[in-house]
Amino acid sequence: MNALYKFFTSVKLALGLLVYLIAVSILATLIPQGKDAAFYYHNFSFFWARIIEALHFDSFFKSFFFLFPSGLFFVNLAVCSVDRFVKRQRHAAKRRYGPDLIHIGLLLLIVGGIVTSVARQEGFVFLGEGDQVGLPGDYLLQLNRFEFQQYEDGRPKDWISHVTVKKDGETIVESFPIEVNRPLKVAGVKVFQTSYDYRPTVDLADARGQVLSLRQGKGFQSGEDFFIFTGIDRSGSVEKALFEKWRGQERKAVLTAAPQESVADFRVRKVGTITLTGLTAVSDPGFLPVIVAIILLSLGMALTIYQKIGDKKI
């Protein structure tokens with residue numbers, strides 16, 4: 001038991017773990033995280049791609065090689081903190097709360113980092129006006145209106161997504177304007193304005209006059225065939241909608257249709273482009289512990305400096 005206690009209070013262990021965590025964390029930031037295997041074999045040599053897979057550098061901050069040393073460093077720091085506090089109490093030493101706050105702050109920082117590595121979630125989506133997307137906790141976010149403001153010279157000035165959030169049919173947030181530096185916060189999730197995009201669209205009408213609106217990549221079934229809207233042909237004086245005709249797994253034809261022309265059972269009414277907003281939702285339960293840790297570290301360092309200055313005056 002004594003040997004185990006000495007192991008966990010070892011300064012050499014703490015320094016070794018700290019150097020290891022700093023070194024591998026820097027290395028991991030140089031390697032794109034969360035990509036599929038094909039990405040690494042395409043962008044790295046076969047040898048290094050195998051190394052990245054073997055050492056889990058493709059998702060390093062969720063791997064054993066990061067979490068175990070981080071946990072070990074947490075235990076080492078916690079034992080050292082308790083050991084220091086107990087020894088100072090036994091010897092009735094002068095009270096020094098600065099280092100204690102620093103140790104507690106470091107422990108919280110490690111906890112926050114581990115929680116972030118394991119539990120942080122992030123998702124990105126493009127939305128058009130009227131589109132909806134689900135958020136954690138059965139919340140439903142709907143884009144009501146999207147503004148793309150520009151300066152006189154055409155440079156982007158601001159992107160504003162006016163959204164409503166509902167849960168179980170009840171409106172929780174009414175028309176909140178998400179901007180680049182003004183995210184929406186709801187139920188532990190932050191929704192950021194991150195980009196925008198343009199997507200081709202086509203409006204089709206059937207024989208009864210009912211309108212079917214399609215965005216690029218969407219399609220419709222007609223008998224045994226499936227028609228996919230793939231974009232807009234702008235080579236002529238009139239914009240035409242491009243379609244691929246598929247039957248099963250086989251592409252049968254590529255078709256174009258201008259307004260008032262027919263595709264299968266539909267007639268093209270309008271060809272155009274819509275603007276989509278790009279929103280990123282982030283859930284990070286480790287954020288709060290990290291903020292508290294930074295506050296404690298700052299207080300601990302300030303108190304330590306204050307006490308050191310006081311000692312010199314005595």
Side-chain angles (χ1 to χ4, degrees), residues 36 122-136 139-150 154 156 158-166 175-180 183-184 189 191-282:
D36 55 35
E122 181 175 326
F124 175 81
V125 66
F126 279 117
L127 295 178
E129 293 183 356
D131 288 350
Q132 298 179 335
V133 64
L135 296 176
Y139 290 88
L140 193 65
L141 181 146
Q142 176 176 304
L143 177 68
N144 301 323
R145 182 165 56 91
F146 177 59
E147 294 181 52
F148 178 27
Q149 300 177 357
Q150 296 175 294
D158 199 4
W159 307 323
I160 307 175
S161 297
H162 298 267
V163 302
T164 297
V165 179
K166 296 182 179 182
S175 192
F176 182 91
I178 303 175
E179 299 182 60
V180 173
L184 166 69
V189 178
V191 183
F192 296 87
Q193 180 71 58
T194 51
S195 67
Y196 71 98
D197 196 10
Y198 297 107
R199 293 286 173 85
T201 63
V202 61
D203 287 347
L204 305 172
D206 62 15
R208 295 174 295 176
Q210 293 184 336
V211 177
L212 172 65
S213 296
L214 297 178
R215 294 181 192 169
Q216 187 177 34
K218 301 299 182 179
F220 63 90
Q221 188 80 34
S222 178
E224 297 181 355
D225 301 320
F226 190 79
F227 293 81
I228 302 174
F229 173 55
T230 59
I232 299 175
D233 179 6
R234 295 186 172 92
S235 59
S237 58
V238 178
E239 292 185 341
K240 297 181 179 180
L242 286 168
F243 293 89
E244 289 184 354
K245 177 181 176 181
W246 289 78
R247 182 171 297 173
Q249 302 298 315
E250 184 181 357
R251 187 175 69 175
K252 291 293 186 178
V254 176
L255 310 172
T256 62
Q260 305 309 317
E261 294 181 348
S262 297
V263 178
D265 301 325
F266 291 89
R267 178 173 50 85
V268 176
R269 290 187 58 181
K270 180 182 177 181
V271 179
T273 303
I274 62 169
T275 304
L276 303 180
T277 182
L279 300 178
T280 298
V282 178

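Starting from 1, each residue takes its place in the sequence as its number.
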Go through the steps to decide whether V263 and V202 satisfy the test side-chain contact (heavy atoms from CB on, under 4.5 Å), and finish with yes or no. CA-CA 12 Å; V263 178; V202 61; over 6 Å; no

Sequence neighbours excluded, the answer for side chain to side chain donor-acceptor pair (under 3.5 Å) partners of S237 is none

Minimal non-hydrogen separation, G219 against L214, with atom names: O-CD2, 3.8 Å

Verdict with supporting geometry, V238 and E261, side-chain contact (heavy atoms from CB on, under 4.5 Å): CA-CA 12 Å; V238 178; E261 294 181 348; over 6 Å; no

Just so I know, are the side chains of L127 and L141 near enough to count as touching, which here means a heavy-atom distance under 4.5 Å? yes

If you compare all heavy atoms of T164 against all heavy atoms of S175, which two are closest, and at what distance to 0.1 Å? OG1-N, 3.5 Å

Okay, side chain of E244, backbone of V254: is any donor-acceptor separation there less than 3.5 Å? no

Quick check for you: to the nearest 0.5 Å, what is the distance between R234 atom CZ and T273 atom OG1? 4.5 Å

More than 12 heavy atoms from other groups under 6.0 Å of CD on Q221: yes

Quick one: does any side-chain atom of Q193 pair with a main-chain N or O of S195 as donor and acceptor, under 3.5 Å? yes

Chi angles and distances behind the side-chain contact (heavy atoms from CB on, under 4.5 Å) call for L279, L184: CA-CA 10 Å; L279 300 178; L184 166 69; over 6 Å; no

Quick one: which of K166, Q132, E129 gives a side-chain hydrogen bond (donor to acceptor under 3.5 Å, both in side chains) with Q142? Q132

Specify whether Y198 and Y196 have parallel, tilted or perpendicular ring planes, treating 30° as the upper limit for parallel and 60° as the lower limit for perpendicular. perpendicular

Answer yes or no: are there more than 12 heavy-atom neighbours, outside R269 itself, under 6.0 Å from its atom CZ? no

Let's go through V165 and F176 carefully: what are the C-alpha distance in whole Å and the side-chain angles of both, what is the deciding distance for side-chain contact (heavy atoms from CB on, under 4.5 Å) to 0.1 Å, and is it a yes or a no? CA-CA 9 Å; V165 179; F176 182 91; over 6 Å; no

For S262 against A257, the heavy-atom pair lying closest together: O-CB, 4.3 Å

State, with a plain yes or no, whether a side-chain heavy atom of L242 is found less than 4.5 Å away from one of T230. yes

Closest non-hydrogen atom pair, I178 against V191: CG2-O, 3.6 Å

Of the non-hydrogen atoms in A258 and V268, which two are nearest, and what is the gap between them? O-CB, 3.5 Å

I'd like to check the ring pair (Phe, Tyr, Trp, His ring centres under 6.0 Å) partners of F126; sequence neighbours left out, ordered by chain and number. F124

D158 CG to F148 CZ distance, which is reported to the nearest 0.5 Å: 9.5 Å

Under the side chain to side chain donor-acceptor pair (under 3.5 Å) test, which residues partner R145, sequence neighbours left out? E147, H162

dist I228:CD1 -> D225:CG (nearest 0.5 Å) comes out at 11.5 Å

Least distance between heavy atoms, S161 atom then L143 atom: CB-CD1, 3.7 Å

Student check: side-chain heavy atoms of D131 and R215 closer than 4.5 Å: yes

With ring pair (Phe, Tyr, Trp, His ring centres under 6.0 Å) as the rule and sequence neighbours excluded, what pairs involving residues 203-226 come up? F220-F227, F220-F266

Who pairs with K252 by side-chain contact (heavy atoms from CB on, under 4.5 Å), at least two apart in sequence or on another chain? K245, R247, E250

Rounded to the nearest 0.5 Å, what separation is found between the NZ atom of K270 and the OG atom of S213? 9.0 Å

Separation between OG1 of T277 and CZ of F146, rounded to the nearest 0.5 Å: 4.0 Å

To the nearest 0.5 Å, tell me how far R199 CZ sits from F229 CZ. 11.5 Å

Mind checking what makes salt bridge (Lys or Arg N to Asp or Glu O under 4.0 Å) contact with E179, not counting sequence neighbours? none

